[in-house]
Amino acid sequence: MLLAFASAVTLVSVAGAHAFLDHATPAVGSAVHASPGDLKLWFTQELEPAFSTVRVLDKSGTRVDKGNPKVDGADRTLLSVSLPRLEPGTYRVVWRVLSVDTHVTEGDFTFDVAP
Amino acid sequence: MTSWSASCASLLAVLAASSSLVASGPASAHGFAGKRFFPATLATDDPFVADELSLPTIAHSKQGASDGSPTTRETDFSVDVSKRITENLGVGFGATYKRLQPDDGDTQRGFDNLAASVKYKFYENDEHETLLSAGIDWDIGGSGSKRVGAESFSTITPTAFFGKGFGDLPAEAKFLRPLAVTGLVGIGIPSRAGTTTIGEEGDISVERHPHTLKWGFAVEYSLPYLQAFVQDVGLREPFNRMIPVVEFAMSTALDRGASGTTGTVNPGIIWAGQYVQLSVEAVIPVNSRSGSGVGWIAQLHFFLDDLFPTSIGRPLLGK
């Protein structure tokens, strides 16, 4: 039965994916040692650019990204935003996206910039 | 129309009318409260109102010998479908084909009683990943085959459902944030207090049908939640979509000379994709009255709102 379950999972994995965050740079919950030039989020489904956005907030809740979130034209699963030089500290990423299947998903996570 | 079906129809009308008076929040897909995705559980109904289809659910268990009955292996094949009437009100229907294989005697096959349900989600808090709903299940007496033990009477079960994710825990407990609990509690009300049987020799036996407390819960640890919202620990397909779960499905007799609790504990794994969900659980009886040996249950579940977002995956009324 477990073998059948594993086989079924493998088969349906190629069918599609939730409009969930697949991975990010900086990674979810990670600590980086240098200020990243941008934040990149890869989702498991293509996004509608007009209704997909991301913000990066510092510990006080002030928005610190450059306010230019965009969905990549060649890879519509990629949402990115440019960052200024970030001081050491904890930063919160807040995203909200509309997938091509019309569902809205949202989420947040933190990453640290180490001294 | 029987009094039971008339009651259910009246209730449905009242709920439909009241739901139109309640402002609903933004449209959400199956099983979401904020960023929390709750999977559909197998042994305990979840608190969501959704467009979904479980086809099939297959369960296998063994009932030990008792009261002159031989040890019997039971395999069930079920289909369940749920449909939203409005964003927060839905109905469901289910059917189960049973195969009973006694150690001695012929194998019995047939349908169990049909089931119908109505559910209304009346509270959602996205920030605290909390959901509350209420509903009524109707086991339609006499609609199944007596050969497989389908009851001749109906059972109505008013039920309260809840769901709570722990994404609001403080940072110090961040690795507990992927935890969530869903559960239910309801009262099974049989339409008859007892069934009288007259044997071939004129002997009379009475089987009493007690009220029952139906209760259960599911504890889930969402690896997708861990990966996306807490910490990327490097899981990739298919493990980053898996949700380990333990379900507790219980029933306690309340009156009419009956007592005690029966039920099962079901540890398992749920894999949740965009359009389908695959689940498999072991079924461990909590006592000898609940079964003998470890059984299993597996399910293929379709998210109709993702598969058909512009047609049958939408509520019948409203957006």
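Reminder, nothing fancy here: chain letters follow the sequence lines and each chain counts from 1.
- Residue contact with chain A, scored on non-hydrogen atoms closer than 4.5 Å, is absent for B:Arg36.
- Environment of NZ in B:Lys83: crowded, with over 12 heavy atoms of neighbouring residues, nucleotides or ligands closer than 6.0 Å.
- Note that CG of B:Asn240 and NE2 of A:His23 are 11.0 Å apart. Values are rounded to the nearest 0.5 Å.
- For B:Tyr221, the OH atom sits in a packed shell: over 12 heavy atoms of surrounding residues, nucleotides or ligands are nearer than 6.0 Å.
- For the residue pair A:Asp22 and B:Arg236, the shortest heavy atom distance occurs at O-NH1, 4.2 Å.
- Of the inter-residue distances, the one linking A:Thr105 atom OG1 with B:Phe32 atom CZ reads 6.5 Å to the nearest 0.5 angstrom.
- In plain terms, the two heavy atoms of A:Val28 and B:Ala228 that are nearest each other are CG2-O, 3.7 Å.
- Minimum heavy-atom separation, B:Tyr275 to A:Gln45: OH-NE2, 4.2 Å.
- The neighbour count for B:Phe122 CZ, taken as heavy atoms of other residues, nucleotides or ligands under 6.0 Å away, is above 12.
- Put simply, CH2 on A:Trp95 and NZ on B:Lys35 are 9.0 Å apart, with the number rounded to the nearest 0.5 Å.
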